[in-house]
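As the structure is a computational prediction, the values presented were derived from the model and not from experiment.
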Amino acid sequence: MAGELPTNAEIADRFALLGDLLEIEGAVRHRVLAYRRAAARVRSTPASVAAMAVAGRATDLPDIGATLQSKIAELTETGTIAALDAIRERVPEGLAAIAGLEGIGPKRAVALWRDLGVTDVEQLAQAVADGRLGEVSGFGPATRDRLVEQLAQRAARGADHAERIPLGRALPLAEEIAADLRAAVPGARVEVAGSLRRGRESVHDIDIVAATDRPAALQDALAANTAVERVLSRGDAAMAVATHVGVRIELAIGPPGSFGNLLQHATGSAAHNVRLRELAVRRGLSVSQHGIAGPEGTAAMADEDGVYAALGLAPIPPELREDAGEIEAAQSGPLEPLVALPDIRGELHSHTTWSDGTLGVTAMVEAARALGYGYLAISDHSRSLAMAGGLDADRVRRQWEEIDEENARRSDITVLKATEVDILADGRIDFDDELLAGFDWVTASIHSALTQDAERITRRVLAAVESPFVDTIGHPTGRMLGRRDAAPVDIGRLAEAAARTGTLLEINGQPRRLDLDSQMARRALAAGARLTIGADAHSAEALGYIRFGVLVARRAGARPDQVANTAEWPALAAARAGRLRAAGLY
DNA sequence: GCCGTTTTCGGCCCGACTGTTTTCAGTCG
């Protein structure tokens, strides 16, 4: 690590491991929690925490005190943390992975170590195979079966962490199941909660909450849903099931009168809820899914805003509930409104059969019109993206003729001559300025040479930002969830340049992209840049991907006025003309 | 280990379910 600052993820991993090993060793619980909190805080901090620690500023972050700051500085300077090295001498590191298995925790991991000498998952698998598990107290047949299953799965798909499924798949599934439950028990109030409601880009479980006086009927309906593989647990108020797609569903049920408390509770995040309950305790109150208990008894809230109001807080949108300062903000007054789906007035990123879309211009326009949009940008690929049938100048001009005809036929929506033009490997734009000048809207994107080093790829995207003809940078990092990491584009420099030139940065709503992600979008906004939200639609249904982009924007804290396509086309066109005039064109 | 409308010590969020227990500990969210 000589010369290089440790990344936030590296620092967080070490703190998390330290916390795990301390827990196994039997350290005071709150000390363990302090390490975990610190790990989460470091992981979610956008700036380099190592640099902050070296400057003595890491303690500005919540959950980081003098002790942990010095440990971060130590890691930065020496490449190691003595306290971590020391505990590794005392507690085998492999026990942390064992304790991480479902149904196993620190206590049982220690029992395995003590009674069988098992110190890692491989040895545990051997012990299970040898039938030695029965020698350990606390391990009955059910625990053994669960372990056998997990170890088999682990062997099949590799040792790495549990499966997460993308928002774009999980949210529709969750909504389908919620609808099924509503149909099964008329009158029941059923909502999707948890990390899905907060708009996380991928989730490892689906949380659903319900209010009904017939809880058993609702639980039966979930158990009978065709998506459900088997019931994992079932009590009076909570139930968990496994689905065929591998994601777990948790259903929590309560009475209608406290639905607000239950929804708030199940929406989380865990860190947000903990912070909220701590705040409540300081006021002599106790918050749970059942209500808010105080000296005068327990008050139940039918809606969520009531929960926050009872704690002296303004309402907090689910997407912001990550303990990232939202509670403090809500203490001092109403939060600024976040962009919402109905604010979106048009789509700036779509494809047709002219390149790699599945529908023609007319069909896409009809679909956009059905969504109530005032405009649709037909932004097919440019010539260099041959794989996607990119258009050359000649085909562009023929497409413009079709768009002119489309506009001549209708007055209910404006069809924009647009392009998603490639930013070539050397930073040039795939079309010349003369052609670019003819478009109504230009999105420029990187699709190739994504493995360039940070400096090259950043300069390449910056070159496009500086072009007066480019309105938006499409999916700025080129990442594909689960397939390809973000290219190392320097978001700080990109945002600064975009703020200066007025070039917009896209949040691409395609579920596999979600690019910019919410953290990068937040940084871009902080630098003064503005955004577009695009569906990158290749079909009519895919226009609906805009909702995922809106969720990302909300997690970034974007106001409606910070998202360009909340404006009607005439306003957008006027702003664009202003940019071009400022650049000395027209 | 962090932190302060309980300020530099003594607290630290709340509840559900399972399995193995013989009344509850461990784990999870």
Side-chain angles (χ1 to χ4, degrees), chain A residues 15 18-19 22-24 26-42 58-72 81 83 98-112 133-134 136-147 162 193-195 203-209 215 219 231-241 248-254 258 261-262 264-293 298 307 311-312 323 327 331:
Chain A
F15 282 172
L18 202 35
L22 280 168
E23 184 177 40
I24 289 166
V28 178
R29 170 152 191 77
H30 293 97
R31 194 166 156 229
V32 173
L33 287 176
Y35 275 101
R36 296 206 171 130
R37 277 188 159 187
R41 180 66 60 189
V42 170
T59 52
D60 290 354
L61 295 170
D63 309 319
I64 306 292
T67 305
L68 290 187
Q69 168 163 274
S70 72
K71 284 185 164 61
I72 299 168
I81 298 174
I98 291 177
L101 294 169
E102 273 185 58
I104 312 294
K107 295 293 198 312
R108 284 180 167 151
V110 167
L112 290 166
L133 217 51
V136 190
S137 84
F139 284 80
T143 304
R144 185 200 59 223
D145 291 349
R146 206 170 161 192
L147 213 40
S195 48
V203 303
H204 74 267
D205 63 15
I206 290 174
D207 288 283
I208 296 177
V209 296
Q219 292 182 325
V231 175
L232 298 169
S233 67
R234 179 170 172 168
D236 293 335
M239 174 177 180
V241 301
R248 184 154 69 173
I249 300 175
E250 311 244 342
L251 172 64
I253 306 178
S258 57
N261 303 94
L262 181 59
Q264 193 287 320
H265 169 84
T267 298
S269 64
H272 172 90
N273 282 357
V274 167
R275 202 64 78 176
L276 212 59
R277 292 184 203 123
E278 286 172 350
L279 180 140
V281 167
R282 289 200 293 276
R283 298 174 177 223
L285 303 170
S286 174
V287 174
S288 79
Q289 61 267 52
H290 305 299
I292 299 184
T298 298
V307 178
L311 298 171
D323 185 29
I327 292 175
Q331 280 182 296

J.: What distance, rounded to whole Å, do you find between the two P atoms, one in B:dT20 and one in B:dT27?
T.: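 Approximately 13 Å lies between the P atom of B:dT20 and that of B:dT27.
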
J.: Mind checking if A:R234 touches a base, just sugar-phosphate, or nothing, with heavy atoms under 4.0 Å?
T.: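 Sugar-phosphate, no base atom in range.
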
J.: For A:R108 and B:dT27, what is the distance between atoms CZ and C1' respectively, to the nearest whole Å?
T.: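 A:R108 atom CZ is separated from B:dT27 atom C1' by 8 Å.
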
J.: Map A:R248 and A:M239 onto DNA chain B by nearest heavy atom, then report which one ends up closer to the 5' terminus.
T.: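 The residue closer to the strand's 5' end, by nearest nucleotide, is A:M239.
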
J.: Applying a 4.0 Å non-hydrogen cut-off, can you work out what A:R36 is touching in the nucleic acid: base, sugar-phosphate, or nothing?
T.: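 No contact.
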
J.: Please report, rounded to the nearest Å, how far the P atom of B:dA16 is from the CG atom of A:L262.
T.: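 Taking CG of A:L262 and P of B:dA16, I get 11 Å after rounding.
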
J.: When the P atoms of B:dT6 and B:dC14 are considered, how many whole Å apart are they?
T.: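 15 Å, rounded to whole Å.
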
J.: Work out how far the P atom of B:dA16 is from that of B:dG11, and round it to whole angstrom.
T.: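 To the nearest whole Å, 26 Å.
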
J.: By the 4.0 Å heavy-atom rule, please label A:R31 as base, sugar-phosphate, or nothing.
T.: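 Base: the residue A:R31, judged by heavy atoms under 4.0 Å, touches a nucleobase.
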
J.: Round to a whole Å and report the spacing from CG of A:L61 to P of B:dC2.
T.: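 Nearest whole value for this atom pair: 12 Å.
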
J.: Please report the interatomic distance OG(A:S233) to CG(A:L251), rounded to the nearest 0.5 Å.
T.: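 Reported value, rounded in 0.5 Å steps: 10.5 Å.
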
J.: Answer whether the closest heavy-atom distance between the side chains of A:V110 and A:R108 falls below 4.5 Å.
T.: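 No, side chains not in contact.
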
J.: Given atom CD1 of A:I104 and atom C1' of B:dA25, what is their separation to the nearest angstrom?
T.: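 My rounded result for the distance is 14 Å.
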
J.: Do any N or O atoms from the side chain of A:Q289 and from the backbone of A:N261 form a donor-acceptor pair under 3.5 angstrom?
T.: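 No.
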
J.: Has A:D60 got more than 12 heavy atoms of other residues, nucleotides or ligands less than 6.0 Å from its CG?
T.: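 Yes.
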
J.: B:dT27 P sits how many Å from A:E250 CD, rounded?
T.: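 Atom-to-atom, A:E250 to B:dT27, this comes out as 18 Å.
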
J.: Nearest whole angstrom, please: distance from the C1' of B:dG26 to the CD1 of A:I98.
T.: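 Answer to the nearest Å: 17 Å.
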
J.: Report the nucleotide, chosen from B:dG1, B:dG29, B:dA16, that has the shortest atom-to-atom distance to any side-chain atom of A:A34.
T.: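 From the listed options, B:dG1 comes nearest.
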
J.: Indicate whether OP1 or OP2 belonging to B:dT20 is found under 4.0 Å from a side-chain N or O atom of A:T143.
T.: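 Checking A:T143 against B:dT20: at least one side-chain N or O falls below 4.0 Å of OP1 or OP2.
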
J.: For A:R275 and A:A238, find the nucleotide of DNA chain B closest to each by heavy atoms; which residue's nucleotide sits nearer the 5' end?
T.: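 Whichever sits nearer the 5' end wins; that is A:R275.
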
J.: Which whole number of Å gives the distance between the C1' atom of B:dG26 and that of B:dT21?
T.: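 Straight-line distance between the two C1' atoms is 12 Å.
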
J.: Determine the interatomic distance between P on B:dC17 and the same-named atom on B:dC12; round to the nearest Å.
T.: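 So the two P atoms sit 25 Å from each other.
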
J.: In whole Å, what separates the C1' atom of B:dT8 from that of B:dC3?
T.: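 Taking atom C1' in both B:dT8 and B:dC3, they lie 9 Å apart.
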
J.: Looking for any heavy atom pair under 4.0 Å, which part of the strands does A:A270 touch: base, sugar-phosphate only, or nothing?
T.: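 Counting heavy atoms under 4.0 Å across all strands, no contact is made by A:A270.
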
J.: Decide, yes or no, whether a salt bridge links A:R36 with A:E23 under the criterion of side-chain N to carboxylate O below 4.0 Å.
T.: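 Salt bridge present between A:R36 and A:E23.
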
J.: Nearest whole angstrom, please: distance from the P of B:dC3 to the CG of A:L279.
T.: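 To the nearest whole Å, that distance equals 15 Å.
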
J.: Rounded to whole angstrom units, what separation is found between the CD atom of A:Q331 and the C1' atom of B:dG4?
T.: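 Atom CD in A:Q331 sits about 13 Å away from atom C1' in B:dG4.
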
J.: Nucleotide by nucleotide, 5' to 3', does protein get under 4.0 Å of the base (B), only the sugar-phosphate (S), or neither (-) in nucleotides 9-14 of chain B, counting heavy atoms?
T.: ---BBS

J.: Restricting to pairs with a member in residues 271-283 of chain A, which pass side chain to side chain donor-acceptor pair (under 3.5 Å), not counting sequence neighbours?
T.: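 Qualifying pairs, neighbours excluded: A:R37-A:E278, A:D63-A:R275, A:Q264-A:N273, A:H265-A:R277, A:H272-A:Y308, A:H272-A:E326, A:R275-A:D323.
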
J.: So which heavy atom on A:A38 is nearest to which on A:F15, and how close?
T.: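 Result for this residue pair: CB-CD1, 4.0 Å.
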
J.: Looking only at side-chain atoms of A:A142, point me to the closest of B:dT20, B:dC2, B:dT27.
T.: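 It is B:dT20.
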
J.: Should B:dC24 form a Watson-Crick or G-U wobble pair with both distances under 3.5 Å, which nucleotide is its partner?
T.: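 Pair assignment: B:dC24 / B:dG19.
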
J.: Could you measure the distance from the CD atom of A:Q69 to the CD1 atom of A:I64? Nearest 0.5 Å is fine.
T.: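 Reported value, rounded in 0.5 Å steps: 8.5 Å.
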
J.: Between B:dC2 and B:dC13, how many Å separate the two C1' atoms, rounded to a whole number?
T.: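 That atom pair is separated by 15 Å.
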
J.: Let's see if you can work this out: which of B:dA16, B:dG29, B:dG1 has an atom nearest to the side-chain heavy atoms of A:T67?
T.: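 Of the candidates, B:dG1 comes closest.
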
J.: For the side chain of A:K107, starting at C-beta, report the closest nucleotide among B:dC2, B:dG26, B:dA16.
T.: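 Of B:dC2, B:dG26, B:dA16, B:dG26 is nearest to the side chain of A:K107.
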
